[in-house]
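Notes follow once the structure below has been shown.
Values below: all heavy atoms of this structure, side chains included; hydrogens, waters and symmetry mates excluded.
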Amino acid sequence: MDFREELSRRILILDGAMGTMLLGAASGDREANSELMNLNSPWLIRQIHERYIEAGADIISTNSFGANRLVQDAHGLADKSAEMAFEAARIARAAADQAG
C-alpha cells in the first residue's frame, strides 16, 4: 500500500490508546512500566495490536511511548530502553504482517 495514495482515497483508521488497553487486559499482572511489557508479556502487546486490527485499524503504533533512556532511568532500566523499543517494533510488525 502506498500511504499517500491510500490517504488521498480514504480516511485511514489508527489504533487507540495502548496504555488504556493494557490496564484493561493485564488484570492482576499489571506493570507500572508498560514498555517493560514488551519484554515480559509480548503476547499481551501482540494481542492488543491484533484486537485493533480486527476492529478495523489501518495503522497500528508501537508500544514504545516511554521506551527511551530518560523515562526508563526513572525505573532503573535505562540500559533496557533500546531493547524495549526494538521489541515494540518487532511485535507490531509481526501483528501487521499476520494481518496482511
Hey, what do you get for CG (Leu14) to CG (Asp58), rounding to the nearest 0.5 Å?
-> 8.0 Å
Residues at least two apart in sequence or cross-chain that pass side-chain contact (heavy atoms from CB on, under 4.5 Å) with Leu7, listed by chain then number, are Phe3, Leu12
Met84 backbone acceptor or donor facing Glu35 side chain under 3.5 Å = no
How many angstroms lie between atom CG of Leu39 and atom CD1 of Ile91, to the nearest 0.5 angstrom?
-> 8.0 Å
What's the shortest heavy-atom distance between Ser64 and Ala88, and which atoms?
-> CB-CB, 3.9 Å
Are Glu83 and Lys80 ion-paired here, with the side-chain N under 4.0 Å from a carboxylate O?
-> yes
So, does Tyr52 use its side chain to make a donor-acceptor pair with the main chain of Ala17 at under 3.5 Å?
-> yes
Rounded to the nearest 0.5 Å, what's the gap from CG on Asn40 to OG on Ser34? Could you check?
-> 11.5 Å
So how far is it from Arg46 CZ to Ile53 CD1, rounded to the nearest 0.5 Å?
-> 8.0 Å
Can you tell me if Asn68 and Ser81 form a side-chain donor-acceptor pair at under 3.5 Å?
-> no
Gap separating the CD1 atom of Ile59 from the CD atom of Glu6, nearest 0.5 angstrom | 9.5 Å
To the nearest 0.5 Å, what is the distance between CZ (Arg51) and CD1 (Ile60)?
-> 14.0 Å
For Gly66 and Gln72 the tightest heavy-atom approach is O-NE2, 2.8 Å
May I ask you to test the Met18-Ile45 pair for a side-chain heavy-atom distance under 4.5 Å?
-> yes
Hey, mind stepping through Leu36 and Leu77 against side chain to side chain contact (heavy atoms under 4.5 Å, CB included) and telling me if it holds?
-> CA-CA 9 Å; Leu36 184 57; Leu77 296 168; 4.1 Å; yes
Hey, is Arg69 close enough to Asp79 for a salt bridge, meaning N to O under 4.0 Å?
-> no
Counterpart residues, side-chain contact (heavy atoms from CB on, under 4.5 Å), relative to Arg4 (two or more places apart) | Asp2
Quick one: are Asn38 and Thr62 in side-chain contact, heavy atoms under 4.5 Å?
-> no
So, the side chain of Asp15 versus the backbone of His49: is there a donor-acceptor pair under 3.5 Å, distance only?
-> no
